[in-house]
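Quick notes on the structure that follows.
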Amino acid sequence: MHKIVIFVAQYFIILSTLTTFYVWLKLKRDSKKTFIIEGVIGGVIAIALAFIGGKLFHNPRPFVVGHFKPYFPHANDNGFPSDHMLLSSVFAFVAFKYSKLWGWVLVALAILIGASRVIAGIHHSIDIIGSVVFAAIGVAVARFVADRFINKKLAAKQDQ
């Protein structure tokens with residue numbers, strides 16, 4: 001069981017990345033542009049929020065406060081928020097708009113990643129929840145920006 005948790009915690013982020021790339025590949029050209037724009041803007045905002053959140057809230061890793069050995073070696077740094085969960089959540093939220101099926105697959109992958117990192121003793125639940133919140137805010141703002149400014153310009157350009 002430990003090996004499965006370790007594998008999911010460390011390597012499912014690759015599966016999440018590849019799945020997101022697959023979703024992008026299946027899109028039409030105009031949707032691909034918007035997908036990338038929302039992903040980049042959403043990711044940058046989520047990373048900025050995570051950086052600020054990490055500076056405002058220090059949460060020692062569970063293996064540090066619990067004095068136990070985690071399932072795999074990890075740095076003794078601030079656990080808030082989880083970078084793996086942040087990235088997988090951004091992927092899931094961006095993809096969900098374009099494909100409900102693959103969006104749910106990516107949500108499931110993100111949940112597995114987050115749960116496995118908690119089980120492995122690398123993160124507390126609040127680290128995972130914080131990442132989901134930061135990702136949701138980042139992608140929501142990115143969608144607003146894309147819909148309000150970028151998509152309008154693309155539509156106006158096509159009408160000419």
Side-chain angles (χ1 to χ4, degrees), residues 1-54 57 59 71-72 74 79-120 122-160:
M1 182 66 159
H2 282 47
K3 289 182 181 184
I4 293 170
V5 170
I6 292 167
F7 184 79
V8 172
Q10 291 185 306
Y11 300 110
F12 262 38
I13 192 67
I14 296 167
L15 183 57
S16 182
T17 303
L18 292 174
T19 303
T20 303
F21 182 65
Y22 173 78
V23 171
W24 178 80
L25 281 175
K26 300 298 275 179
L27 296 175
K28 293 180 182 176
R29 189 167 188 247
D30 290 340
S31 293
K32 284 182 178 185
K33 290 178 186 178
T34 307
F35 186 97
I36 293 293
I37 290 166
E38 290 175 359
V40 170
I41 293 172
V44 168
I45 293 170
I47 290 168
L49 291 171
F51 178 80
I52 294 166
F57 180 64
N59 193 22
Y71 283 17
F72 55 90
H74 199 284
F80 184 83
S82 166
D83 295 337
H84 283 75
M85 192 65 189
L86 186 74
L87 182 60
S88 63
S89 296
V90 167
F91 287 162
F93 294 143
V94 170
F96 201 84
K97 173 182 172 183
Y98 299 89
S99 171
K100 299 294 185 249
L101 171 65
W102 288 107
W104 281 115
V105 168
L106 285 161
V107 166
L109 288 173
I111 290 168
L112 289 170
I113 290 168
S116 66
R117 294 186 74 78
V118 170
I119 292 166
I122 301 300
H123 284 289
H124 294 281
S125 296
I126 192 68
D127 305 336
I128 303 304
I129 294 166
S131 294
V132 172
V133 170
F134 294 150
I137 292 169
V139 172
V141 171
R143 288 237 166 90
F144 174 78
V145 169
D147 289 343
R148 186 64 98 127
F149 302 105
I150 298 164
N151 290 339
K152 281 186 180 180
K153 286 182 182 178
L154 288 174
K157 199 178 216 182
Q158 288 176 351
D159 289 342
Q160 293 177 358

Are Ser88 and Ile113 close enough that some pair of their side-chain heavy atoms sits under 4.5 Å apart?
-> yes
Side-chain donor-acceptor contacts of residues 9-20 below 3.5 Å, not counting sequence neighbours, with atom names and distances?
{"unit_1": "Thr17", "atom_1": "OG1", "unit_2": "Ile13", "atom_2": "O", "d": "2.8"}
{"unit_1": "Thr19", "atom_1": "OG1", "unit_2": "Leu15", "atom_2": "O", "d": "2.7"}
{"unit_1": "Thr20", "atom_1": "OG1", "unit_2": "Ser16", "atom_2": "O", "d": "2.8"}

Output all residues satisfying ring-ring contact (aromatic ring centres under 6.0 Å, His included) with Phe72, sequence neighbours left out; order by chain, then residue number.
-> none
To the nearest 0.5 angstrom, please state how far the OG atom of Ser82 sits from the CD1 atom of Ile129.
-> 12.0 Å
Can you name the nearest heavy-atom pair linking Ile45 to Ala142, along with the distance?
-> CD1-N, 4.5 Å
Shortest non-hydrogen contact from Val107 toward Ala92 | N-CB, 3.8 Å
Qualifying residues under side chain to side chain contact (heavy atoms under 4.5 Å, CB included), relative to Val5, sequence neighbours excluded = Tyr71, Ser116, Ile119, Ala120
With sequence neighbours excluded, residues passing side chain to side chain contact (heavy atoms under 4.5 Å, CB included) with Ile4 = Val8
Around Lys26, counting heavy atoms of other residues, nucleotides and ligands shown, do more than 12 lie under 6.0 Å from its NZ?
-> no
Is the closest side-chain heavy-atom distance between Leu109 and Phe91 below 4.5 Å?
-> no
Tell me, please, which residues at least two apart from Phe96 pass side chain to side chain contact (heavy atoms under 4.5 Å, CB included).
-> Lys100, Trp104
Once you round to the nearest 0.5 Å, how far does CG of Leu25 lie from CZ of Phe21?
-> 4.0 Å
Those residues at least two apart in sequence (or on a different chain) that pass ring-ring contact (aromatic ring centres under 6.0 Å, His included) with Phe57 are Phe80
Using ring-ring contact (aromatic ring centres under 6.0 Å, His included) as the criterion, list what pairs up with Phe144, not counting sequence neighbours.
-> none
Across all chains, not counting sequence neighbours, the side chain to side chain contact (heavy atoms under 4.5 Å, CB included) partners of Val139 are Val90, Phe93, Val94, Arg143
Selection residues 127-137 - residue pairs positive for side chain to side chain donor-acceptor pair (under 3.5 Å), sequence neighbours left out = Asn59-Asp127, His123-Asp127
Considering only heavy atoms from C-beta outward, does the side chain of Asp30 approach that of Thr34 to under 4.5 Å?
-> no
Nearest heavy atoms of Ala95 and Phe35, plus distance in Å = CA-CE1, 3.8 Å
Locate the shortest heavy-atom distance separating Ile111 from Met85; write the atom from each residue and the value.
-> N-CE, 4.3 Å
With rounding to the nearest 0.5 Å, note down the distance linking CD1 in Ile41 to CD1 in Ile36.
-> 11.5 Å
Residue pair Gly138 / Leu49: nearest heavy atoms and the distance that separates them = N-CD1, 4.5 Å
When rounded to the nearest 0.5 angstrom, what distance separates CD in Glu38 from NZ in Lys33?
-> 14.0 Å
